[in-house]
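The structure displayed is predicted, hence computed values, not measured ones.
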Amino acid sequence: MANSSAAPIMLELVDEDGTTIGTAEKLSAHVAPGRLHRAFSVFLFDDEGRLLLQRRAMGKYHSPGVWSNTCCGHPYPGEPPFAAATRRVVEELGVAPSLLREAGTVRYNHPDPASGLVEQEFNHLYVGLLRDEPRPDPEEISETAFVTWDELEKRHATDTFSTWFMTVLDAARPAVREVTGGAGNW
């Protein structure tokens, strides 16, 4: 549980090539117009090829209550993105992926109209498998759902998703198809 006396959470600022150029406090990097920083996004699937979605907890400062990919976040300065992605899956979902592989990077700029914050990110993508039952941290995740591509399309048409969700999913899709082996219709 965060408190006002806690040390600020720092993240890495990067250039357009993803080279670290400095650090910034997490919230300040998201204030409009946003500062380009390193992030990661994880997509985990069950053995039936269903994607684990999470609904972000209402207490989150950024994009509360919206659906998004399995896990996302920011490496600490100097922390390898793969290590950060693995760490956050365990912290948020209470389980470790049984497989996690790199799926490329994507750079985007997504303002969030609800909060006024901006996701200006150089995002490292990871795709993998989850064989254990998630035990979400309620301070991070309010709800989870496993969905096929067809179920995701229906849900995406009616529910609110994070501004970055389709950008990162589209960029990760070639690796998603490899990891799922055609299951789930990805």
Run the salt bridge (charged side-chain N to carboxylate O under 4.0 Å, His left out) check on E178 and R101 step by step: do they pass?
CA-CA 11 Å; E178 289 177 21; R101 61 161 280 197; 2.5 Å; yes

Keeping the roles fixed (side chain from S162, backbone from S68), state whether a donor-acceptor pair exists under 3.5 Å.
no

Between T163 and D112, do the side chains contain an N or O donor and an N or O acceptor separated by less than 3.5 Å?
no

Heavy-atom distance under 4.5 Å between the side chains of P77 and E12, does that happen here?
yes

Is there a side-chain contact between L117 and L27 in this structure, where contact means two heavy atoms from C-beta onward sitting under 4.5 Å apart?
yes

Strictly below 4.0 Å, N to O, side chains only: are R87 and E79 in salt-bridge contact?
yes

Any ion pair linking R88 and E91 (charged N to carboxylate O, less than 4.0 Å)?
yes

Can you list the residues that meet the ring-ring contact (aromatic ring centres under 6.0 Å, His included) rule with Y108, with sequence neighbours excluded?
H110

State, yes or no, whether a side-chain contact exists between E143 and W67 at a heavy-atom distance under 4.5 Å.
yes

What are the two closest non-hydrogen atoms of L44 and P97, and how far apart are they?
CD2-CB, 3.9 Å

Gap separating the CG atom of L152 from the CG atom of D150, nearest 0.5 angstrom:
9.5 Å

Partners of F165 by ring-ring contact (aromatic ring centres under 6.0 Å, His included), sequence neighbours excluded?
F161

Who passes ring-ring contact (aromatic ring centres under 6.0 Å, His included) against Y126, sequence neighbours left out?
F82

Contact between D47 and R131 at the side-chain level, heavy atoms closer than 4.5 Å - yes or no?
yes

Given 3.5 Å as the limit, does a donor-acceptor pair link the side chain of D46 with the main chain of E48, or not?
yes

Backbone N or O of Q120 within a donor-acceptor pair of the H37 side chain at under 3.5 Å?
yes

Distance check, rounded to the nearest 0.5 Å: T158 atom OG1 versus R155 atom CZ?
7.5 Å

Atom pair CZ/OG1 of R107 and T105 - distance to nearest 0.5 Å:
11.5 Å

Decide side-chain contact (heavy atoms from CB on, under 4.5 Å) for R56 and C72; before the verdict, give the C-alpha distance in whole Å, the side-chain angles of both, and the deciding distance to 0.1 Å.
CA-CA 10 Å; R56 294 167 61 87; C72 56; 3.9 Å; yes

Do R38 and H124 come close enough that some side-chain heavy atom pair is under 4.5 Å?
yes

Running the 4.5 Å side-chain criterion over Ile, Leu, Val, Met, Phe, Trp and Tyr, what cluster does Y76 land in, apart from itself?
I9

Test item: T180 side-chain N/O and V176 main-chain N/O as donor-acceptor pair under 3.5 Å
yes

Contacts of type side-chain contact (heavy atoms from CB on, under 4.5 Å), residue R173, not counting sequence neighbours
W149, M166, L169, D170, R177

Starting from L36 and following side-chain heavy-atom contacts under 4.5 Å between hydrophobic residues (I, L, V, M, F, W, Y), which residues can be reached?
V14, F122

Checking T160 side chain against V66 main chain: does a donor-acceptor pair fall under 3.5 Å?
no

Is the side chain of W186 donor-acceptor paired with the backbone N or O of G49 at a distance under 3.5 Å, no angle test?
yes

